[in-house]
Amino acid sequence: MYIDFHTHAFSEKIAEKAMKNLSAVSEMNPCTDGTVGDLCSLLKSRGIDEAVLLPVATKPAQHEIINSWAQSVNNKNGIYAFGSVYPKSEEAVEEVDRIKNRGLYGVKLHPDYQNFTADDESIYPVYEKCSELGLPVVFHAGYDPLSPDFIHGNPEDFVRICENFPDLRVILAHLGGMHRWDIAERLLAGRFENLWLDTAVIAGEIGADMFSRIVKKHGADRILFASDCPWDDPVNEIKLIESLDIPDSEKEKIFYKNAHELLDFKR
């Protein structure tokens, strides 16, 4: 069984435009058309029946639209949707309450697209509210082509977040920091009980030795299979995880058991 913990899609009204814009910025060829239907079709064709959907609000006016849409697709066709808040918004903390009330599974934050540094103390009330409500937070971590010269979410930033919010379940995409894996290995791996690392779109980017060291140092019980689909085909991350020299029981944790625990599934 597999749960892809990091996927993206958009409402059918904006999917075409969104994918065109994001493809231009990233210079990557997507493997879906950006709709939930096409995402689910691709995942199913890869033997993946469940996925976490991570929308991103890039301005305060998008809160209601994005989180309402996320609620409309949540718990359907194997999709478990997070919500998003624009963290500098005056309504950010209240929106976290609304995300909880909508039955969404957590909060997605993207420091680059939302124009904030991850350890900005003015954002701390958002983290405090998520911690209070038991909502895990997925952060984009490390390099992003939108902001190639300034990293908004460095491993050092997440050290401070994990230390200041020990009850906040922190999930760092891209194994703790895209193209910052040496720092993530040194500062993050194995240090924090409240920290999970996902494998989104790292296949073909990270060296096999580095990947294995981080997984073993951090522990398989806090690694999450993720692809960043449509920006990578999830079969690539599956193959990467399968290549690890660890027991099958630990691979099962990475592929789906850790996700079930994080999302408090009642099965």
Side-chain angles (χ1 to χ4, degrees), residues 1-7 43-44 46-54 75 78-82 104-108 130-131 134-142 155 158 161-162 166-178 181 184-229 232-267:
M1 182 176 184
Y2 305 100
I3 295 180
D4 190 332
F5 208 93
H6 190 138
T7 69
L43 293 175
K44 189 171 183 179
R46 306 303 193 257
I48 302 166
D49 292 316
E50 298 178 338
V52 173
L53 186 66
L54 302 174
N75 295 321
I79 292 293
Y80 308 108
F82 276 42
L104 300 174
Y105 285 88
V107 174
K108 164 69 175 185
C130 290
S131 179
L135 289 171
V137 180
V138 174
F139 291 91
H140 172 85
F158 298 116
I161 291 171
C162 289
D167 295 325
L168 177 65
R169 291 179 290 175
V170 176
I171 303 163
L172 298 184
H174 319 298
L175 211 68
M178 192 69 174
W181 294 302
E185 179 184 13
R186 177 166 50 88
L187 297 182
L188 294 171
R191 287 192 59 193
F192 301 102
E193 293 294 327
N194 61 325
L195 174 64
W196 286 257
L197 307 176
D198 87 20
T199 66
V201 76
I202 65 171
E205 299 290 335
I206 191 171
D209 290 344
M210 175 71 76
F211 179 58
S212 179
R213 288 200 309 270
I214 292 176
V215 170
K216 291 178 179 179
K217 185 177 180 181
H218 198 58
D221 56 341
R222 284 177 291 143
I223 304 292
L224 299 162
F225 158 57
S227 70
D228 212 354
C229 186
D232 199 8
D233 189 317
V235 298
N236 295 323
E237 277 67 41
I238 290 174
K239 291 177 181 178
L240 181 64
I241 294 164
E242 288 287 8
S243 73
L244 286 167
D245 183 21
I246 59 175
D248 288 345
S249 59
E250 293 191 356
K251 292 177 183 177
E252 288 180 351
K253 290 180 179 181
I254 295 171
F255 282 132
Y256 73 94
K257 288 185 176 180
N258 296 337
H260 282 175
E261 287 189 16
L262 258 177
L263 301 177
D264 297 324
F265 281 14
K266 303 296 188 292
R267 290 177 177 261

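All values below were derived from every heavy atom in this structure, side-chain atoms included, with hydrogens, water molecules and symmetry-related copies excluded.
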Flag the pair Ile241 / Ile223 as yes when at least one side-chain heavy-atom distance between them is below 4.5 Å, and no otherwise.
no
Is the shortest heavy-atom distance from the side chain of Lys216 to the side chain of Asp245 under 4.5 Å?
yes
Under the 3.5 angstrom rule, does the side chain of Glu237 hit a backbone N or O of Ile202 as a donor-acceptor pair?
yes
Between Ile48 and Phe225, is any pair of side-chain heavy atoms under 4.5 Å apart?
yes
Would you say the side-chain atoms of Asn194 pair up with the backbone N or O of Asp167, donor to acceptor, closer than 3.5 Å?
no
Please verify the inter-ring angle class for His6 with His174; under 30° counts as parallel, over 60° as perpendicular, anything in between as tilted.
tilted
Val137 vs Ile161, side chain to side chain contact (heavy atoms under 4.5 Å, CB included): CA-CA, chis, key distance, verdict:
CA-CA 11 Å; Val137 180; Ile161 291 171; over 6 Å; no
At what distance, to the nearest 0.5 angstrom, does CE of Met178 lie from CG of Leu175?
10.5 Å
Could you check whether any side-chain heavy atom of Lys253 comes within less than 4.5 Å of a side-chain heavy atom of Glu261, counting everything from C-beta outward?
no
Please identify each residue that fulfils ring-ring contact (aromatic ring centres under 6.0 Å, His included) with Trp196, with sequence neighbours left out.
none
For the CZ atom of Phe192 and the CZ atom of Arg222, what is their distance to the nearest 0.5 Å?
10.0 Å
Excluding sequence neighbours, so at least two apart, what forms ring-ring contact (aromatic ring centres under 6.0 Å, His included) with Phe158?
Phe139
Check Leu188 against Gly176 and note the closest heavy-atom contact, atom names and distance.
CD1-O, 3.8 Å
Check the surroundings of atom NZ in Lys239: do more than 12 heavy atoms from other residues, nucleotides or ligands lie under 6.0 Å from it?
no
I need the minimum non-hydrogen distance between Asp4 and Asp228, along with the two atoms involved.
OD1-N, 4.5 Å
Heavy-atom donor-acceptor pair, Asn236 side chain to Val201 backbone, under 3.5 Å
no
Can you give me the closest heavy-atom contact between Thr7 and Ala51, atom names plus distance?
CG2-CB, 3.9 Å
Check for a donor-acceptor pair, side chain of His218 on one end and backbone N or O of Leu195 on the other, with a separation under 3.5 Å.
yes
Side chains of Leu43 and Arg46 in contact at under 4.5 Å (non-hydrogen atoms)
no
Is there a side-chain contact between Lys108 and His140 (heavy atoms, below 4.5 Å)?
yes
Kindly say whether the aromatic ring centers of Tyr105 and Phe82 come within a distance under 6.0 Å.
no
Listed by chain and number, what are the ring-ring contact (aromatic ring centres under 6.0 Å, His included) partners of Phe211, not counting sequence neighbours?
none
Interatomic distance, Arg169 atom CZ to Asp264 atom CG [nearest 0.5 angstrom]
5.0 Å
Quick check: do Val52 and Leu224 have side-chain heavy atoms less than 4.5 Å from each other?
no
Less than 4.5 Å apart, any side-chain heavy atom of Phe5 and any of Leu263?
yes
